[in-house]
Amino acid sequence: MVALAIHGGAGGDGPWKGPTDLDPDRIACMYGVLSRVGSLLESGVTALEAVTIAVEMLEDEPLFNAGRGSVLTEDGSITMDASIMNGSDYSAGSVVNVTKIRSPIRAARLVLDNGWPVMMNGDAADDFAVERGVEQVTQEWLRTSLRKAQWQKWKDSKAKPGSTDEDDKAVLDHDTEQMGTVGAVAIDYLGNLAAATSTGGMTGKPNGRIGDAPIIGAGTWADNKVAVSCTGVGEAFIRTCAAHEVAARFRAGESISSACNNMLNMVAPLGGRGGVIAIDAEGKIAIPFQTMLMYRGTWEDGVIKTGIGPDLFSH
Ligand code: ASP
């Protein structure tokens, strides 16, 4: 039995107001990812390769906050974080604050495949990836007009670098139209699990900020029992080792869905509204969120479901 879950970020407060004009494209992208990568899993691709390809495809959709279309930092540039973990051998790879590559998750995967070190940052991480064949791109290519407009709104209204959702001084990635982070979790035909997460972070983030997405155990985790990818205000997910918290709770006997919900309940008081996708070694999937919405989808036994607000729809 193989299965896959993906997310395109969680965000917003209050009741679900229905889809925006941009949402059909996001749904189409998620559907494309689920159908392609679901079939690949069925044909024998490993969970590790499946989550790499899924996140790579999500990074390429400019409406999601990862790769091209990432949100802009305080100074208007793009810096991206990504990580990936393979559950069968605990191998992991992570890149932090990369600025000139098309696919941060492919770079993280190359770090994993290289075996040592686990994390690389900045120019060295970019160079490492480019030398190994990851496409080099310009900041101008990564920056979309949508993100530039959102950044300008942030700048005009609430320019306080480094402020977080809690003090509401920044327009974050968690406004309904400014949200993102993408991730995937999968189980393959051997029963192996893997997780991957990639993000541009949050609009107006200070230079040098590192979110939870590239931190193994915070934004991403996979072992031989569970694979997890988180989205939300990264600082709170770092402070709770959120992705690993799900694994620890699951190992202690909680169901996958209780483990995810209890983790989110730990993160929330720290200002970490968000969501999580997780899959266990029996192929059970949990995709809870505490925000207004979370872009998400699943592939199980050939059945594809996607959702944004409270409901999931079969395709
Ligand atoms: N977790 C990401 C970060 O803090 C943001 C997000 O998930 O929207 O960088």
Side-chain angles (χ1 to χ4, degrees), residues 6-13 26 55 58-59 61 63-67 69-74 77-84 94-99 104-105 108 119 121 147 150-151 154 161-166 170-185 195-221 228-246 260 263-264 267-268 270-278 287-296 308:
I6 59 172
H7 72 80
D13 271 330
R26 294 190 177 107
V55 169
L58 291 162
E59 287 175 337
E61 167 52 66
L63 289 172
F64 287 126
N65 172 20
S70 286
V71 299
L72 308 192
T73 65
E74 186 185 356
S77 65
I78 283 181
T79 63
M80 302 169 289
D81 296 334
S83 70
I84 184 163
S94 154
V95 293
V96 176
N97 282 330
V98 288
T99 59
I105 201 63
M119 295 183 83
N121 81 22
R147 297 309 186 190
Q150 289 170 345
W151 178 81
W154 167 78
S163 45
T164 62
D165 260 9
E166 300 99 273
V171 177
L172 295 180
D173 188 27
H174 296 271
D175 275 9
T176 42
E177 273 308 323
Q178 304 215 32
M179 42 174 312
T181 289
V182 304
V185 294
T197 313
S198 179
T199 191
M202 297 169 144
T203 301
K205 68 181 182 181
N207 294 332
R209 183 236 184 205
I210 300 166
D212 60 321
I215 299 179
I216 298 299
T220 305
W221 179 260
V228 186
S229 171
C230 300
T231 173
V233 182
E235 283 67 17
F237 285 78
I238 294 172
R239 289 160 66 199
T240 50
C241 287
H244 186 267
E245 178 68 22
V246 172
C260 286
M263 175 279 279
L264 290 177
V267 168
L270 306 181
R273 292 176 299 117
V276 58
I277 58 171
I287 44 176
F289 56 102
Q290 295 187 332
T291 41
M292 174 200 295
L293 57 85
M294 177 163 80
Y295 293 94
R296 61 204 189 282
I308 306 176

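For ligands, and for the atoms within them, numbers begin at 1 and follow the listed sequence.
In terms of N/O distances under 3.5 Å, ligand 1 is not approached by Cys230.
The side-chain hydrogen bond (donor to acceptor under 3.5 Å, both in side chains) test applied to Gln290 returns Asn265, not counting sequence neighbours.
From Trp221, atom CH2 reaches atom OG1 of Thr197 across 13.0 Å, with rounding to the nearest 0.5 Å.
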From CA spacing to verdict: salt bridge (charged side-chain N to carboxylate O under 4.0 Å, His left out), Arg209, Glu74: CA-CA 10 Å; Arg209 183 236 184 205; Glu74 186 185 356; over 6 Å; no
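Within ligand 1, the atoms closer than 4.0 Å to a non-hydrogen atom of Thr181 are 2 (C), 5 (C), 6 (C), 7 (O), 8 (O), numbered from 1 in the order shown. Near Thr231, meaning under 4.0 Å from one of its heavy atoms, ligand 1 places the atoms 6 (C), 7 (O), 8 (O). Proximity to Asp212 (heavy-atom distance under 4.0 Å) selects the following atoms of ligand 1: 1 (N), 2 (C), 3 (C), 4 (O).
Side-chain contact, Thr73 with Thr79: no donor N or O sits under 3.5 Å from an acceptor N or O. Side-chain atoms of Glu59 and Ser198 form a donor-acceptor pair, as typed in the model, at a separation below 3.5 Å.
Heavy-atom distances between Arg209 and ligand 1 reach below 4.0 Å in at least one pair. Between Gly232 and ligand 1 there is a heavy-atom distance shorter than 4.0 Å.
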